[in-house]
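Read through the structure below, which is laid out as structure tokens, and then see the notes.
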Number of protein chains: 2
Amino acid sequence: MNQRIAIIDLGSNSARLIIVEIYANGSYNLIYHQKDAVRLGQEADKNRRLQPEAMSRTMSLLKSFAHMCQIFKTDKILGVGTAALRNAVNGSEFVKKIQKETGISISIISGEEEAKLGYLGAINTLDVTDAILFDLGGGSTELTLIKNRKAKEVISLPFGAVTLTERFKLENKATEAQLAELDDFLSQELAKVPWLETLTLPLIGIGGTARSIGKMEQKRNHYPLLKLHNYRTSSLSFHSLWEDVIKMSCAQRRKIAGLSSERADIIISGLAIVKHLFETIDSTQLIISSCGVREGLFLQYYLSQTGQTELLDPLSHSTDNMLSFYSGNTEHAGQVAKLANGLFDDWQEILGLQPRNRTLLQVAALLHDIGITVSYYDHARHSAYLIENARLFGLSHREQIMAAIIAGWHHSPSVKYSYNRIYNEFLDAANWQTARKLALLLALAEGLDTTQMSLVEKVTTNISKKQAQLIVTTKQELLLELQAVKKHSKWFKRETGLELAVSTASL
Amino acid sequence: MNQRIAIIDLGSNSARLIIVEIYANGSYNLIYHQKDAVRLGQEADKNRRLQPEAMSRTMSLLKSFAHMCQIFKTDKILGVGTAALRNAVNGSEFVKKIQKETGISISIISGEEEAKLGYLGAINTLDVTDAILFDLGGGSTELTLIKNRKAKEVISLPFGAVTLTERFKLENKATEAQLAELDDFLSQELAKVPWLETLTLPLIGIGGTARSIGKMEQKRNHYPLLKLHNYRTSSLSFHSLWEDVIKMSCAQRRKIAGLSSERADIIISGLAIVKHLFETIDSTQLIISSCGVREGLFLQYYLSQTGQTELLDPLSHSTDNMLSFYSGNTEHAGQVAKLANGLFDDWQEILGLQPRNRTLLQVAALLHDIGITVSYYDHARHSAYLIENARLFGLSHREQIMAAIIAGWHHSPSVKYSYNRIYNEFLDAANWQTARKLALLLALAEGLDTTQMSLVEKVTTNISKKQAQLIVTTKQELLLELQAVKKHSKWFKRETGLELAVSTASL
């Protein structure tokens, strides 16, 4: 039966609760999220003790988390606490108090464990093989060197956005002297990490500072999508942000679009760490991951329950999850994907398609019917909406939009998607053309399984000067399938210049 | 557990299968639809016998329906047959053959039973109290006089679009003489119905001809929504369509946007019947219902299972169905709706709102969180999409869009919806303003249940010159609720010119 898992992440800056529901068929979805910047780590560096006010703010938030877990009838609560708790001498005492007053048990995890969870959250939701991953929190910064998707080196640095802000008094407008001092400190600290060198790898950023960078950059660049995960920005763009922010007073920073006002005081030190990382490894790109420790914790639990390895293929895992979540007819989806891929392999060249396009076709084919949930009528359009907006991992934002359009066209290409202002900001004429061609392959494959009975065993193709032949091998009569395919003849001619001929061969 | 119900409707022109899934929590959704114009009634009028070719086409489609029922593992098949079967002397013989060869049992229903089912389908999905309902099929036309939502008079006329086309040979371009003959016939036949007179009631049309009228009119008027049910057209607009269509050959009619080519031959006689109905009752409006016999059959079954009466409130039934379908937190939804309605009642006047606006607010409040299904982040926007596109009954298209926008703004009003080309075609400046005000009430109500714990017992309001006061009665402390409400102060000031003050009163 359904299972509801609460994940609580108690950091030095903010505390968060997410609730994920796991359904009977194994699919899962986030159903609740709550957070507040309670600053548990505030002034804890002074005497290595959590301060009474910070603990009281945190306790009252955790009580409300406990209430929410009751309301949502969660089956399990996985709680972790990071730097503020592990560094304070009264950390474990506070954890006991939390247990007593709220029933929530928080495990204080080491920097390495924290890095591991962040790594799991990011690597399983991004299509990246090599990178430097940073998890920049309030009281610590974890760095992971990822090579071939594996964590090769890990370190947890004992400072973060909150602690550095306090140490260098950066709450208000930073003076040149303060910035120079901070600069020296960070240069020295990063120089101590032996494997941090000119790696020219992309940076992956998780944690509140990284998300804020993404949001600020999106606002500055008028980014048209409300999608943060896998947003990519350049070192150039980041440096221009940095130059602007350091000139501002805290009051001015509070007004920066994309930055929450409660983070305005600690943003300078957060940005400074990222700036040093950019420089130290000479990176040109920062990839924002909105999945980190919490998602890692969930996946670790989920995968252990289902006996899967900890390293997933993000795209196929998230595609399968969506298909199951929307209770799709997986047999039909699989058959259509198989047939579509076969057509792609045969005709990739004559259609001028790139290998990566096959991936988009595969996703669109598997998910082409999920819009039935919204309404059966016009379900292709709803599938497009769901694919565009769902938590599908391992595609770029443009690719996700293309997969949405391809699925939306699985009956026929429609101009109505080109009215979508956002789509036109991501797709140029060549992208639209590619989408039309891939949608044609999907429509043919869908037609070949129009009865959803997987009657087609095999399709072979043959191209002569003016004609493209589909020879369909089947055990049974294929009346509706052939009718459905023939309906696409005109479209086929438009994309390829060829006549489409369909014939059957019995097994 | 889940139940899947197949509905098969075997008419004189087309045969249709729908499959509806009823979920464990009682909500339901259409998951499959298939149809084909097999023309079972073709030439059956001649010797009152179904013709061999027509039966063979029908049998082969029914076999594919039976296959689909197997694939979808349906628990029950409800099959009905109408005019073609009831008028042919070999009708029941064919029904036996269908049972033997496909396992599907078809009940031949009387014209009155057919009218009853169509009435149930329409009255439970439209916000109409008085009307003349017609169900124009291939071989018969059912008329129902609806007064105060009840069926007061019913008649089944033994002719439809297929039979009249054959009788008056209207397949190709109609001559003036043919049209005059048809005209005489219809005048005589309708004059025989004693209760059909100058009723100046709206017409409700169900069946293929009515849907085609709606689709053709939508294309002619560049209607921006893909939504047929409850589309309304005028007698003026209908007559201009009629004048254009009768001048065309069948080949020209095949190209009419919105008309399926397989209906081009029988459209003239179909339109002629509607034209006569318009004239006989002197109606000015035609409401297209895409729900008819099939939906009536489903609802009859569903309501009998749940012990409900046959006459539903379309809007509250479909809203509740959506809320359950998307597994919403019904307690939170109900609490927010209650609070929002209370604020509406107190402030309707100062906000200049109309009574009907309360209905929109209620729907938006109940469904404001359903978008969590798509993705928790940005779920308000997804709720708006789902509300706009879902099978919500009892609202006009404009009202449905407004409910979508209100729900989409339940955290804050966003300009991004105004970028939606379609929204702007439906909403003028005053509508947008109304939506903003209703969204404000929803946001306040949502804020008052931000913890989803239904802590607020009662809200009383008080308006002085410059201030609006909310006095919240509660048994418990309301920290997060009050914070959430205060966040909307600026918005409140913008809409009302008043300062918002919130205080609590203990029970």
Side-chain angles (χ1 to χ4, degrees), chain A residues 2 18-21 23 29-34 36 60-61 63-64 67-68 70-72 224-229 290 325-327 329 331-332 369 371-379 381-382 385-386 388-392 414 416 419-422 450-455 477 479-480 483, chain B residues 2 18-21 23 29-34 36 60-61 63-64 67-68 70-72 224-229 290 325-327 329 331-332 369 371-379 381-382 385-386 388-392 414 416 419-422 450-455 477 479-480 483:
Chain A
N2 291 11
I18 62 173
I19 301 176
V20 183
E21 183 155 3
Y23 303 92
N29 196 27
L30 179 69
I31 58 169
Y32 188 71
H33 176 210
Q34 190 184 339
D36 205 357
S60 117
L61 183 66
K63 280 182 187 162
S64 112
H67 275 304
M68 289 314 301
Q70 264 178 9
I71 288 173
F72 277 93
L225 270 195
L226 285 155
K227 203 186 280 291
L228 189 61
H229 186 73
S290 66
F325 177 69
Y326 288 112
S327 310
N329 181 342
E331 198 190 322
H332 171 63
D369 268 346
I372 290 174
T373 315
V374 179
S375 170
Y376 188 87
Y377 302 104
D378 210 16
H379 66 254
R381 185 167 62 91
H382 305 315
Y385 182 87
L386 296 180
E388 180 198 329
N389 288 291
R391 284 165 78 78
L392 203 57
S414 155
K416 65 183 177 260
Y419 292 142
N420 188 317
R421 191 183 59 89
I422 291 174
T450 199
T451 61
Q452 309 198 3
M453 290 165 73
S454 297
L455 297 179
E477 224 189 343
L479 203 63
L480 296 169
Q483 271 177 16
Chain B
N2 291 12
I18 61 173
I19 301 176
V20 183
E21 183 155 4
Y23 303 92
N29 196 27
L30 179 70
I31 58 169
Y32 188 72
H33 175 211
Q34 189 183 341
D36 205 359
S60 116
L61 183 66
K63 280 181 187 163
S64 112
H67 275 304
M68 288 315 299
Q70 265 178 8
I71 287 173
F72 276 93
L225 270 196
L226 284 156
K227 203 187 281 291
L228 190 61
H229 185 73
S290 66
F325 177 68
Y326 288 112
S327 310
N329 180 343
E331 198 190 320
H332 172 62
D369 268 347
I372 290 174
T373 315
V374 178
S375 170
Y376 188 87
Y377 301 104
D378 210 17
H379 67 255
R381 185 168 61 92
H382 305 315
Y385 182 87
L386 295 180
E388 180 199 327
N389 288 290
R391 285 165 78 77
L392 202 56
S414 154
K416 63 181 179 258
Y419 292 141
N420 188 317
R421 191 182 61 89
I422 291 174
T450 199
T451 61
Q452 308 198 6
M453 289 166 74
S454 297
L455 296 180
E477 225 190 344
L479 201 66
L480 295 169
Q483 271 178 15

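Numbers restart at 1 for each chain; the letters A, B, ... are given by sequence-line order, proteins then strands. What you see is a predicted model, and the numbers here were worked out from it, not measured in a lab. All heavy atoms count here, side chains included; hydrogens, waters and symmetry mates do not.
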d(His332(B) NE2, Thr451(B) OG1) to nearest 0.5 Å is 9.0 Å

Between atom OH of Tyr326(A) and atom CG of Asp369(A), what is the distance when rounded to the nearest 0.5 Å?
-> 13.5 Å

Contacting moiety of Gln34(A), where chain B heavy atoms sit under 4.5 Å =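 The side chain, not the backbone.
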
So which part of Tyr32(A) gets closer than 4.5 Å to some heavy atom of chain B, the side chain, the backbone, both or neither?
->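 The answer is both parts of Tyr32(A).
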
Picking from [options], which has the most non-hydrogen pairs under 4.5 angstrom with chain B?
| options | value |
| --- | --- |
| Tyr377(A), Tyr385(A), Phe325(A) | Tyr385(A) |
| Asn29(A), Ile71(A), Asn389(A) | Asn389(A) |
| Leu228(A), Leu386(A), Ile31(A) | Ile31(A) |
| Asp36(A), Leu479(A), Thr373(A) | Thr373(A) |

Which of Glu21(B), His33(B), Met453(B), Arg391(B) touches chain A most, by non-hydrogen pairs under 4.5 Å | His33(B)

Partner chain A: residue of Leu480(B), Ile372(B), Ile18(B) with the largest heavy-atom pair count (under 4.5 Å) |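 Looking at each option in turn, the highest pair count goes to Ile372(B).
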
For Met68(B), is it the side chain, the backbone, both, or neither that has a heavy atom closer than 4.5 Å to a heavy atom of chain A?
->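 Only the side chain of Met68(B) comes within 4.5 Å of chain A.
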
Tell me, for Glu331(B) versus chain A, whether the close heavy atoms (under 4.5 Å) come from the side chain, the backbone, both or neither.
-> neither

Can you name the nearest heavy-atom pair linking Tyr376(A) to His379(A), along with the distance?
->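 What the structure gives for the nearest pair is O-ND1, 2.8 Å.
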
When every non-hydrogen atom of Asp378(B) is compared with those of Arg381(B), the smallest separation belongs to OD2-NE, 2.5 Å

